[in-house]
Asker: 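One structure follows; several queries about it will come next.
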Amino acid sequence: MVQKVAVIGAGPCGLSSIKACLDEGLEPTCFESSDDIGGLWRYKLVPGRTNIYQCVIINSSKEMMAFSDFPPPAELPNNMHHTEVLLYLRLYAQTFNLLQHIHLQTKVVGLRRRPDFDVTGQWDVETETADGRRQTHVFDAVMVCTGHYTQPHLPLSHFSGIESFKGRYFHSWEYRNAKGLEGKRVVVIGFGNCGCDIAVDISRVAERVYLSTRSGAWVVGRVGPGGLPFDAAWNSRLVVTLASLFPTWSNWMLERKLNEFFDHKLYGLKPKHNFWAQIPVINDDLPGRIISGRIQVKPNVKEFRETSVVFTDGSVIDKVDAVVFATGYNYSFPFLPPDLQAKSDYRLRLYKHVIPPTLAHPTLAVVGFIHGLGAINSMAEMQARWATRVFKGLISLPAEDIMVKEIETETATMNQKFVCSERNPLQVDVIPYTDSLAEQVGSKPNILQLLFTEPTLALQVVLGPRTSYQYRLSGPGKWAGARQAIFTQKQRITRPFRTRVVSEEPGNEASSILSILLAFIAGAALLCYLIYNWHLPFLPSKKSKIPRPKSN
């Protein structure tokens, strides 16, 4: 019987895993190698550790990244600075008394099945403290929450002449701020979120920044319709359903909308893949830096010379002072047994992206090793809730061969639908994936039932932002405040803007008619959603034979 659980890492995924254990009556012990909680979101100046840069602002808005039973304070900005994200995590840990379960400055250096694993499912967890003391602990289960931004990928062998380059060059994980780059010519290689953020930051002080991209990307701002957060405006169940019903049309409409703001082809940014195939770049400032000439977009680098960079189109930039390689990360779990690091294509072979299928007892879970067009917090939290119930035997897994086959099928489907690579090995559709776990936990919102019992809440769940509070409305882990959290999320979104109150003009008849019309459209949209989804919960899965657990 599982009781004692080791949690490796005290970042957002580790904190929600500790809480999931406590909610299920388990005894978690968290090991964190640094001297504080927060993981990647804690800015630190310790060399050799994965870090963030000083200007980092979270891409997801606060309501979309919130834990399911802990709405963020209304006064916090919608897209928080990393210091405010850390504040939210600290408030979460203090509110649910998680800190007492965390051992700081304690690194996990080894993880092994015990000799009697086939009988007990237990693990030996070897740790090392900051002063070098090693100790081995016995646990009934383990949750790995270390993330995957651990090993910087610096492919210098792919860049001819780099050994002769006399300027400074470094990987983006060493970047803290633009100090020392004032008045310089800087080349940033890599067009992900990190590369674009750093290019924009440096462009404020540098003579010129050249941003090199091999394939381009779709660029989305944080500011959406009416000035509200973009993800809160567009990440809803209805939008996802329409996108799945009409993928070509929805992709065309979205790309057309993005190009109305700035033409990606004109700016040299248009990628070959469609919008839904890869996570976009989230950046409000990049178009402005390009139109002002502070950033020039360039193709891939062909070679380096002593003071120059040559690009594949034949253009040359002379007198280059520094190069930043924003070339991503290689994920690594060095403490895992080698046989549990087996891969299906680029991804780790994990059932539901969580549990290795080959274990005699499913007592190891990898939480948070996933990508999607949305905040990782809600997905990782649901992974933790699902995994703890698997640990307790409340959710039964299929036979090993069935799980392996499902993993292979998912991998093939994923590679057809998304642009995956060795450094971006997996991506999922956030709502369907989270719903699939929630359905087995017993906490997936029942839209049909809500339509008859509380239609206003049903409208919020379907048409409003798909916030994680929806997974606390019913079932195991039900939270009495979930309904109120959903109805007040718009108030928390608009609260930070009210630093200067502007008196509203008196309403008129036209606005009332418009409100009625919008309500009618919303009702029709909800009906379409229900027609499309009506029978789906009752169909047996073709991929898995997992029975749905009974609610407590």
Side-chain angles (χ1 to χ4, degrees), residues 1-33 37-39 66-70 89-104 106 108 111 114 120-125 127 137-147 333 335-336 350-356 359 361-370 376-397 434 437-438 440-443 468 471-472 475-479 549 551-552:
M1 178 180 176
V2 170
Q3 190 63 36
K4 297 173 60 180
V5 181
V7 178
I8 306 175
C13 300
L15 294 176
S16 59
S17 293
I18 297 171
K19 184 177 180 298
C21 288
L22 294 173
D23 288 347
E24 290 292 343
L26 303 176
E27 300 173 14
T29 300
C30 178
F31 300 108
E32 168 56 46
S33 61
I37 66 170
F67 294 115
S68 61
D69 52 1
F70 194 70
L89 296 177
R90 202 175 297 283
L91 290 172
Y92 178 76
Q94 292 170 349
T95 300
F96 295 108
N97 299 314
L98 308 181
L99 298 176
Q100 61 183 311
H101 302 281
I102 301 173
H103 295 260
L104 300 174
T106 307
V108 172
L111 182 63
R114 288 186 58 77
T120 64
Q122 292 181 326
W123 298 85
D124 283 328
V125 179
T127 60
H137 317 259
V138 178
F139 286 96
D140 301 316
V142 179
M143 304 180 81
V144 179
C145 311
T146 54
F333 300 96
F335 48 80
L336 283 181
L350 299 172
Y351 180 66
K352 296 295 184 185
H353 302 286
V354 181
I355 292 179
L359 294 174
H361 296 275
T363 54
L364 174 71
V366 179
V367 176
F369 185 55
I370 201 162
I376 193 174
N377 289 16
S378 62
M379 288 191 291
E381 182 186 30
M382 186 56 68
Q383 286 180 327
R385 293 174 65 185
W386 180 80
T388 51
R389 293 182 70 78
V390 171
F391 291 165
K392 293 183 66 175
L394 299 175
I395 298 176
S396 300
L397 301 185
T434 311
L437 296 177
Q440 293 184 24
V441 170
S443 60
S468 59
Y471 300 110
R472 294 285 183 179
K478 178 180 178 180
W479 173 46
S551 300
N552 288 343

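Count residues from 1 along the sequence.
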Asker: State which residues pass side chain to side chain contact (heavy atoms under 4.5 Å, CB included) with Pro362; sequence neighbours excluded, sorted by chain then number.
Answerer: Ile355, Val390, Leu397
Asker: Considering residues at least two apart in sequence or located in another chain, which fulfil the side chain to side chain contact (heavy atoms under 4.5 Å, CB included) criterion with Gln94?
Answerer: Arg90, Leu91, Leu99
Asker: Going by the rule ring-ring contact (aromatic ring centres under 6.0 Å, His included), which residues pair with His101 if we only count those two or more places apart in sequence or in a different chain?
Answerer: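 By the ring-ring contact (aromatic ring centres under 6.0 Å, His included) rule, His101 matches no residue at all.
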Asker: What pairs meet the salt bridge (Lys or Arg N to Asp or Glu O under 4.0 Å) rule with one or both residues in residues 91-101, with sequence neighbours excluded?
Answerer: none
Asker: Could you work out, with ring-ring contact (aromatic ring centres under 6.0 Å, His included) as the rule, every residue matching Phe391, not counting sequence neighbours?
Answerer: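 In terms of ring-ring contact (aromatic ring centres under 6.0 Å, His included), with neighbours along the sequence ignored, Phe391 is linked to no residue.
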Asker: Could you tell me which residues satisfy ring-ring contact (aromatic ring centres under 6.0 Å, His included) with Tyr92, sequence neighbours excluded, listed by chain and number?
Answerer: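 By the ring-ring contact (aromatic ring centres under 6.0 Å, His included) rule, Tyr92 matches Phe67, Phe70, Phe96.
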Asker: Per the salt bridge (Lys or Arg N to Asp or Glu O under 4.0 Å) rule, what does the pair list look like for residues 6-18, sequence neighbours excluded?
Answerer: none
Asker: With sequence neighbours excluded, what pairs up with Asp140 under the salt bridge (Lys or Arg N to Asp or Glu O under 4.0 Å) test?
Answerer: none
Asker: My understanding is that only residues two or more places apart in sequence, or in another chain, count here; which of them pass salt bridge (Lys or Arg N to Asp or Glu O under 4.0 Å) with Lys392?
Answerer: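 Residues passing salt bridge (Lys or Arg N to Asp or Glu O under 4.0 Å) with Lys392: Glu24.
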Asker: Not counting sequence neighbours, which residues clear side chain to side chain contact (heavy atoms under 4.5 Å, CB included) with His103? List them please.
Answerer: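 Testing His103 for side chain to side chain contact (heavy atoms under 4.5 Å, CB included), a comparison that skips the adjacent residues, returns Thr29, Phe31, Thr106.
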Asker: Under the side chain to side chain contact (heavy atoms under 4.5 Å, CB included) rule, collect the residues that match up with Ser68, sequence neighbours excluded.
Answerer: Glu381, Arg385, Ser468, Arg472
Asker: Could you name each residue pair satisfying salt bridge (Lys or Arg N to Asp or Glu O under 4.0 Å) that touches residues 10-21, not counting sequence neighbours?
Answerer: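 Matches after skipping sequence neighbours: Lys19-Asp23, Lys19-Asp69.
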